[in-house]
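One structure below.
Letters A, B, ... are given to chains in the order of the sequence lines, protein chains preceding strands, and every chain is numbered from 1. Treat the numbers as computed from the prediction; the structure is a model and nothing was measured.
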Amino acid sequence: MFALVDCNNFYVSCERAFNPQLQDKAIVVLSNNDGCVVARSPEVKALGIGMGVPLFKIREEVKKYNILTFSSNYALYGDLSNRVMKILGSFTPEVEIYSIDEAFLGLSGFKDIDLTTYTMEIRQTIMQWTGIPVSIGIASTKTLAKIANRVAKKSPSGLFDLSICPDQDSVLQKIDISDVWGIGRKLSNWMKEQNIHNALQLRDTDIPIIRKKMGVVGERLVRELRGESCLPLEICPSPKKETCVSRSFGKVVTDLTELKEAVAHFTTKASAKLRKQQQCASALTVFIRTSRYASSPWGDTATLALPVATNDTPELIYYAMRLTNRLFLPDVPYKKAGVIMQGLIPQSTVQSSLFDTKDRYKSLRLMEVVDQINDRFGEGTIKFAVEGIKQEWKMKNENRSPSYTTRADQLPVAWCH
DNA sequence: TCTGGGGTCCTAGGACCC
DNA sequence: TCTGGGGTCCTAGGACCC
């Protein structure tokens, strides 16, 4: 038995947790660069504003209905997410953190416990300790728990147990095929052509038909809908295989120096991420591209296998700069760039090279000090000169709330009259 | 004018090995 | 004309997730 715990409109709930005046107000949280809507309060959903809509397309509604817009504040969301997950861990050791706002729980050890009462207690505890409302769906497979959670979201209790539901078929029938976990845009179009319009119809489709189109992934999906668990709980997160830092620019970039500043900056962030994960990269890719929405979008990538796997910032910047030089073309309106660290291996098992001349121990210690300073005093307190000073390519973040829980100088203030 | 970022998994096909 | 069998590794591309 599985439960899926999902935070209700998570980013919006985080903003509300530290600013109670936002309760019952129509608010949205925007993606990086203040580009698209990535979280909506129920009031905004009721206005028919969709997920992922670009902000400039809803300017009128924002004005008309006084919708408050927030730039995303990942320091805050990440910290509150950790707190929620920690609370879940105090209820059961079988927790799979699936995303920033979702976790699967394994309930196999709770045979003699009333699950409704227990999950209600989980829900109340999270609410009381963090201020974040969650919904919980229970079922015999992860895919069904996802569906149960959709039902829970609409129920006043915030809970739904599909396994004790007398009429499962009618629940599945009400789930549109595009809302089934693992069915995206392409596949839902195909399904509809095959006359499969809801979860019930997919469940009752012959497996070979689905297997032929979707491979083993599809077969697992149908079996999961039939109540046969194929996707196990993954309690220990497996180490990352690659890690990427990329951003759209706040403006168009045509200058090589400026482009290199940005790539150097992304490389710095990616290197710090590697060190935090105690991993080294054995290859490095840089990509630069124009706007996706240009009449003829263009982009290019370049990859380099590193002589010795590393997470040393200056070394990685050196290679990233060489790749950027190779990629750059004059007079192209670049809008986005990124670096991808690939072939990640544990820092402790790096194969050294006979011809390596670098003092890796020394530079690792230097990086440790840099990381400590930046952790303590804020990102970018110490930076590399190639990252630039003005950083005019940096993205827009016009309406970011304070980092209430992670920066001492931004703690929330309570008034008392 | 303005359109996010960071991932994973699977498959097919090519190169290569003995 | 007929041209083996069994395998690994890598990459690109397509699909999906939140």
Proximity to DNA chain C (any heavy atom under 4.0 Å), residues of residues 81-105 of chain A only: A:Y98, A:S99, A:D101, A:E102
Electrostatic pair A:E15-A:K25, nearest N-O below 4.0 angstrom: no
NZ/NE/NH1/NH2 to OD/OE distance under 4.0 Å, A:K390 and A:E392: yes
Non-neighbouring partners of A:F160 that pass ring pair (Phe, Tyr, Trp, His ring centres under 6.0 Å), sequence neighbours left out: none
Touch class at under 4.0 angstrom, heavy-atom based, for A:L30 against every strand present: nothing
Touch class at under 4.0 angstrom, heavy-atom based, for A:V37 against every strand present: nothing
Ion pair A:R16/A:E43, N-O distance below 4.0 Å: yes
Sugar-phosphate, base or nothing in reach of A:K146, heavy atoms under 4.0 Å: sugar-phosphate
Positions of residues 188-210 of chain A (non-hydrogen atom under 4.0 Å from DNA chain C), listed by number: none
Salt bridge A:D169-A:R203, side-chain N to carboxylate O under 4.0 Å: yes
Sidechain-backbone polar pair: A:Q173 side chain, A:N198 backbone, donor-acceptor under 3.5 Å: no
Salt bridge present between A:E224 and A:K146 (N-O < 4.0 angstrom): no
Rounded distance in Å - NZ (A:K142) to P (C:dC17): 14 Å
d(CD1, A:I183; C1', C:dC17) in whole Å: 12 Å
Canonical and wobble pairing (Watson-Crick, G-U, under 3.5 Å) of DNA chain C, dot-bracket with |: ....||||||||||||||
Matching residue for A:T313 among A:R275, A:K269, A:K383 - test: side chain to side chain donor-acceptor pair (under 3.5 Å): A:R275
Pairing of A:D6 and A:K153 as salt bridge, 4.0 angstrom limit: yes
Partners meeting salt bridge (Lys or Arg N to Asp or Glu O under 4.0 Å) with A:K241 (sequence neighbours left out): none
Salt-bridge criterion met for A:K276 and A:D375 (N-O under 4.0 Å): yes
A:F2 and A:F104 aromatic centres sub-6.0 Å: no
A:N19 vs A:S401, side-chain contact (heavy atoms from CB on, under 4.5 Å): CA-CA, chis, key distance, verdict: CA-CA 10 Å; A:N19 189 348; A:S401 51; over 6 Å; no
Sequence-aligned protein contact record of nucleotides 3-15 of chain B, with B where the base is within under 4.0 Å of a protein heavy atom and S where only the sugar-phosphate is: BSSSSSSSS----
Separation of the C1' atoms in B:dG4 and C:dC17, to the nearest angstrom: 15 Å
